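Data first, discussion second: the structure below is written as structure tokens.
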Protein chains: 2
Amino acid sequence: MKYKTLPKIQIDEKNRRILTILQENARISNAEIARQLGMTTSAVFERIRKMEERGIIRGYSVQVEPAALGLPLSAFVSVKITPHRLAPEVGQAISAIEGVEEAYHMTGEECFIARIRCSDTDSLERILMEINDIEPVFATRTMIILRSAKEISGALLSSVVGELAADEGA
Amino acid sequence: MKYKTLPKIQIDEKNRRILTILQENARISNAEIARQLGMTTSAVFERIRKMEERGIIRGYSVQVEPAALGLPLSAFVSVKITPHRLAPEVGQAISAIEGVEEAYHMTGEECFIARIRCSDTDSLERILMEINDIEPVFATRTMIILRSAKEISGALLSSVVGELAADEGA
DNA sequence: CTTGAAAGTGGACGGGA
DNA sequence: TCCCGTCCACTTTCAAG
């Protein structure tokens, strides 16, 4: 094993197993986790509570089918900016755009990448316009996602814009 | 509103609100959701069940703090391949590499992108080697993630490799 | 870690708009 | 179709050992 890693894991085997189960189905009951691992419910409960407290568990979320939200179109948009020192502001501005689900500051000439989810090319155009309107941005490159070979999470509801956004107060 | 979208939403307002709550905390009880929305538990239960059945809800997962898993290093690796028609096989091969959390087939010259999560540069090197070892891959470009301006999900437990992987059968 | 117990919930059912 | 009220077994959550 030439490229062996040395993980400085802060969790033990039991917690790892609990998290593995929760990763597949976070709505499973503590009792069911306990059953699967041969532990008591209280022990599982206490361990989960502590992991939440220590920030090991950030939260739990639902994975929503993007098509059901009318968001069949995904893309990565890489962004070039100048000057680079404005990166924090650019990051904030990009994140605030409707349809941007993720945004990262990276090394390299294209120092930002945003993952977009939207309903159609009109919507994509709007998003690209908004990104290009950010002051330090001088170039973008759009790569439409054809297929996800491996994907973690579903669509964000905040990506759904348009008429639906209006009836918030119902 | 020039760039207005026309979302063909298949879910109604109530379901959207339920999903919004679940997106923030998927482990909340149906009773609590019902309380927040002024519905009965049964109604909430029934709606969630149907969304699961119809595939609108794909699943529920826990968001794990990557640092706690010893995975402080994230990167995007874009990949060029030839011939392009081998894309499906390349997608599978990339997805199977330990440390690859997401992989997408995209339009453009760099027709794959992978998001990597690992413990250190040694581990990153190993992953890059493995990607470059895939037959049709002739070039990769690595962009280290410095900061996430907006992020959805936590780390995958399957990204944790090394000693820890051994005690699986305990 | 365990047990134990009170309070709360899941999920099924009958029925009504 | 979607919703409500009821109900019981199960689960959560806590305190004590």
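Quick caveat, the model's predicted, so the values are computed rather than measured. Proteins come first, then strands; the chains are lettered A, B, ... in the order of their sequence lines, and each starts at number 1.
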In terms of side-chain heavy atoms of [X], which of [options] is nearest?
{"X": "Thr41(A)", "options": "dG10(C), dT2(C), dT12(D)", "answer": "dT12(D)"}
{"X": "Arg47(B)", "options": "dC3(D), dT12(D), dG10(C)", "answer": "dC3(D)"}
{"X": "Lys50(B)", "options": "dG10(C), dC4(D), dC2(D)", "answer": "dC2(D)"}
{"X": "Ala31(B)", "options": "dC1(C), dT9(C), dT13(D)", "answer": "dT9(C)"}
{"X": "Phe45(B)", "options": "dC3(D), dA12(C), dT9(C)", "answer": "dA12(C)"}
{"X": "Asn30(A)", "options": "dT12(D), dT11(D), dT2(C)", "answer": "dT12(D)"}

Grab the [atom1]-[atom2] distance between [X] and [N] for me, whole Å please.
{"X": "Glu46(A)", "N": "dA16(D)", "atom1": "CD", "atom2": "C1'", "value": "13 Å"}
{"X": "Glu53(A)", "N": "dT13(D)", "atom1": "CD", "atom2": "C1'", "value": "15 Å"}
{"X": "Ile18(B)", "N": "dC3(D)", "atom1": "CD1", "atom2": "C1'", "value": "12 Å"}
{"X": "Met39(A)", "N": "dT13(D)", "atom1": "CE", "atom2": "P", "value": "16 Å"}
{"X": "Arg49(B)", "N": "dT1(D)", "atom1": "CZ", "atom2": "P", "value": "11 Å"}
{"X": "Gln36(A)", "N": "dT11(D)", "atom1": "CD", "atom2": "C1'", "value": "16 Å"}
{"X": "Glu32(B)", "N": "dT13(D)", "atom1": "CD", "atom2": "C1'", "value": "15 Å"}
{"X": "Ile28(B)", "N": "dG8(C)", "atom1": "CD1", "atom2": "C1'", "value": "14 Å"}

State whether Lys14(B) places a side-chain N or O below 4.0 Å from either non-bridging phosphate oxygen (OP1 or OP2) of dC2(D).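 It does not, given that no N or O in the side chain of Lys14(B) lies less than 4.0 Å from OP1 or OP2 of dC2(D).
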Could you tell me whether Arg117(B) and Glu151(B) have a side-chain N and a carboxylate O separated by less than 4.0 Å?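 Yes, this pair counts.
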Tell me whether Arg49(B) is salt-bridged to Glu52(B), with the criterion being a basic N under 4.0 Å from an acidic carboxylate O.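 Salt bridge absent between Arg49(B) and Glu52(B).
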For Ser29(B), report the nucleic acid contact type (base, sugar-phosphate, nothing); a contact means any heavy atom under 4.0 Å.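 Ser29(B): backbone/sugar contact only, no base atoms under 4.0 Å.
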Does Arg27(B) reach a base, just sugar-phosphate, or nothing at all? Heavy atoms under 4.0 Å.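 Nothing, no nucleic acid heavy atom in range.
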Enter the distance from Ser78(A):OG to Met143(A):CE here, rounded to the nearest 0.5 Å.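 Atom-to-atom, Ser78(A):OG and Met143(A):CE are 4.0 Å apart.
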Kindly indicate whether the side chain of Arg16(A), heavy atoms from C-beta on, has any atom under 4.5 Å from the side chain of Leu157(B).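 Arg16(A) reaches Leu157(B) side chain to side chain.
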Donor-acceptor pair present, Ser42(A) side chain and dT3(C) base, under 3.5 Å: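 Side chain to base: pair present.
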Apply salt bridge (charged side-chain N to carboxylate O under 4.0 Å, His left out) to Lys50(B) and list each qualifying residue two or more places apart in sequence or on a separate chain.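 For Lys50(B) the salt bridge (charged side-chain N to carboxylate O under 4.0 Å, His left out) partners, ignoring immediate neighbours, are Glu46(B).
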